[in-house]
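Presented below is the structure to which this report refers.
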Number of protein chains: 2
Amino acid sequence: MLDSPLIERRSLATELVERLRGLIQEGQLRPGDKIVEPELCERFGVSRTPLREALKVLAAEGLIDLSPNRGARVARISPEAVEELFPIMGMLEALAGELCIGRMGTADLALLEALHTRMVAHWRAGEWAPYGRLNRQVHEEIFRIAGNGALAALYQSLLIRTHAIRFMARKTPERWAEAIDDHERIMAALRARDAAALNLIMREHLRHKADVVHEVLKQLDEG
Amino acid sequence: MLDSPLIERRSLATELVERLRGLIQEGQLRPGDKIVEPELCERFGVSRTPLREALKVLAAEGLIDLSPNRGARVARISPEAVEELFPIMGMLEALAGELCIGRMGTADLALLEALHTRMVAHWRAGEWAPYGRLNRQVHEEIFRIAGNGALAALYQSLLIRTHAIRFMARKTPERWAEAIDDHERIMAALRARDAAALNLIMREHLRHKADVVHEVLKQLDEG
DNA sequence: AAAATGAATAATGAATGCAAAATGCAAAGG
DNA sequence: CCTTTGCATTTTGCATTCATTATTCATTTT
């Protein structure tokens, strides 16, 4: 018998969780926005029950804040939260890098090199969007090679919380160059399979990312 | 005006999340158990709506598995999951230790010493329960001193997933001694404020904990 | 007797309804 | 004119209801 792909069966709540995550990530719903249940119900054509289930899940993920009888708001990320979250993400990336070094074959490294090279090319060309996409791909690839699904999932969930901010403002050229430099050093450590060095660089890289987010938050405050 | 503590307002769903977490932690609900909604509704005297919201949250936390139209089960922890989760927890504890060293005052260290000493005394007396309690307190205290709430919350959520297993079987005397030795070395690194050393020990300590859980899982399989 | 079928039963998914709480706003009072 | 109070409206929390999907078990079939 041909193995047919299983029929995907999803609850409305699950679907809604993903849709809402998407809306928050791409800025349709912005940090601080009030979420009114009847409004979203109409938008998606569902009743309040599955929507409320979805909101509870998003609240557990930290993407929205729920206050009893007062409804939901898209979570704002505070400078304090950045100072808490990014060191954690640094550790997770450091672990991913370490596992990656222990498991990657030549093909894996070659793929990372290719992605890195293309990323740098886009930087040189000043092409922000494709640069960002490849940057993300490099990190995702490292997690994939690391082969720890729970680690990847955890990192992803923390990343989303900060992503809502980042698309809202642009990096300075200096910060951009700094990020490229970090990535060069990451690649060097991967080539050398130097776990200790990669560990340090990853955490430093995330420290820099935190700095960028702080600058963005300041921009938003002023502008 | 005297600042009165705010009146605590909780939804039934929130209450249920905590109650159910408790039931799972203390083994009233065991890994693999089917969760039947009407049953729990009767038990807690609530309708299915808030219960279902709670189940969605617990599923997001990884404590239960939900399959569409087929209901919920308390999540089983697999050896593979242990191999994924414990290295992550090791990194989180390592970060907590590092932050702790950077922030602890003499009073903090003294408190840790006191807890440690009492813990060792219970070990010598072979008193398992109070030992376990103090062990937990030591780790909690380190996270408290570290002063990163998100880190503590994340660690806690990973810890709960494994706790459901651990109460089910007992450590061997060798493993117990090993844990004590780890803790001695943790205290030594804290006294010396040696972050690098603490980092290594914490990760090793969690590696040992993972080994213990593997042994417990094997016991459960056989027995 | 074992496997397959189908009807009865029970559980889940989602919508609706209702009571309690919050919000907005106009009128009354300072 | 600004603040406060009370009422109408809106929104949320939860229970109930209805429809759909599993599960169980007796019956049939091989």
Side-chain angles (χ1 to χ4, degrees), chain A residues 1 4-21 23-24 28-76, chain B residues 1 4-21 23-24 28-76:
Chain A
M1 199 189 341
S4 319
L6 290 171
I7 294 172
E8 177 130 4
R9 307 199 1 187
R10 309 149 61 73
S11 64
L12 285 183
T14 308
E15 182 75 28
L16 284 169
V17 167
E18 292 175 16
R19 299 279 201 103
L20 290 172
R21 257 207 293 258
L23 290 183
I24 293 172
Q28 294 253 59
L29 289 172
R30 290 166 161 252
D33 281 1
K34 177 135 213 310
I35 292 175
V36 195
E37 292 174 10
E39 205 172 280
L40 284 176
C41 287
E42 178 148 17
R43 179 169 189 166
F44 290 115
V46 299
S47 79
R48 282 176 54 222
T49 306
L51 178 71
R52 285 173 59 80
E53 288 172 357
L55 292 180
K56 282 277 193 297
V57 170
L58 292 173
E61 289 178 3
L63 243 84
I64 67 176
D65 294 327
L66 282 173
S67 33
N69 295 318
R70 227 170 293 196
R73 292 188 170 280
V74 179
R76 280 180 200 284
Chain B
M1 198 188 345
S4 320
L6 291 171
I7 293 172
E8 178 129 3
R9 310 205 354 194
R10 310 150 62 72
S11 64
L12 286 184
T14 308
E15 183 76 28
L16 284 169
V17 166
E18 291 174 18
R19 297 280 200 103
L20 290 172
R21 257 206 293 258
L23 289 183
I24 293 173
Q28 294 252 58
L29 289 172
R30 288 165 164 251
D33 281 1
K34 176 130 213 309
I35 292 175
V36 192
E37 292 175 9
E39 208 171 278
L40 284 176
C41 287
E42 178 147 17
R43 180 168 189 169
F44 290 115
V46 298
S47 78
R48 282 176 55 222
T49 307
L51 177 70
R52 286 173 57 80
E53 289 174 357
L55 292 180
K56 282 277 193 294
V57 171
L58 292 173
E61 288 178 3
L63 262 148
I64 68 177
D65 294 327
L66 282 173
S67 30
N69 295 317
R70 230 172 291 201
R73 294 188 168 280
V74 179
R76 281 179 198 283

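Letters go in sequence order (proteins before strands), and every chain restarts at 1.
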First contact, last contact: which nucleotides of DNA chain D are these for chain A, 5' to 3', heavy-atom distance under 4.0 Å? D:dT11 to D:dA22
Test side-chain hydrogen bond (donor to acceptor under 3.5 Å, both in side chains) applied to A:Arg43 - qualifying residues, sequence neighbours left out: none
Donor-acceptor contacts under 3.5 Å from residues 49-56 of chain A side chains, at least two apart:
unit_1, atom_1, unit_2, atom_2, d
A:Arg52, NE, B:Glu53, OE2, 3.3
A:Arg52, NH1, A:Glu37, OE2, 2.9
A:Glu53, OE2, B:Arg52, NE, 3.3

Would you please name every residue forming a side-chain contact (heavy atoms from CB on, under 4.5 Å) with B:Glu39, sequence neighbours left out? B:Val36
Restricting to side-chain hydrogen bond (donor to acceptor under 3.5 Å, both in side chains), what partner residues turn up for B:Glu18, sequence neighbours left out? B:Arg10
side-chain hydrogen bond (donor to acceptor under 3.5 Å, both in side chains) with A:Arg76: which residues, sequence neighbours excluded? none
Which residues pass the side-chain hydrogen bond (donor to acceptor under 3.5 Å, both in side chains) test with B:Thr14, sequence neighbours left out? B:Ser11
Heavy-atom protein contacts under 4.0 Å, nucleotides 12-21 of chain C, coded B base, S sugar-phosphate only, - none: BBSBBB---S
Could you tell me which residues satisfy side-chain contact (heavy atoms from CB on, under 4.5 Å) with B:Arg70, sequence neighbours excluded, listed by chain and number? B:Ser67
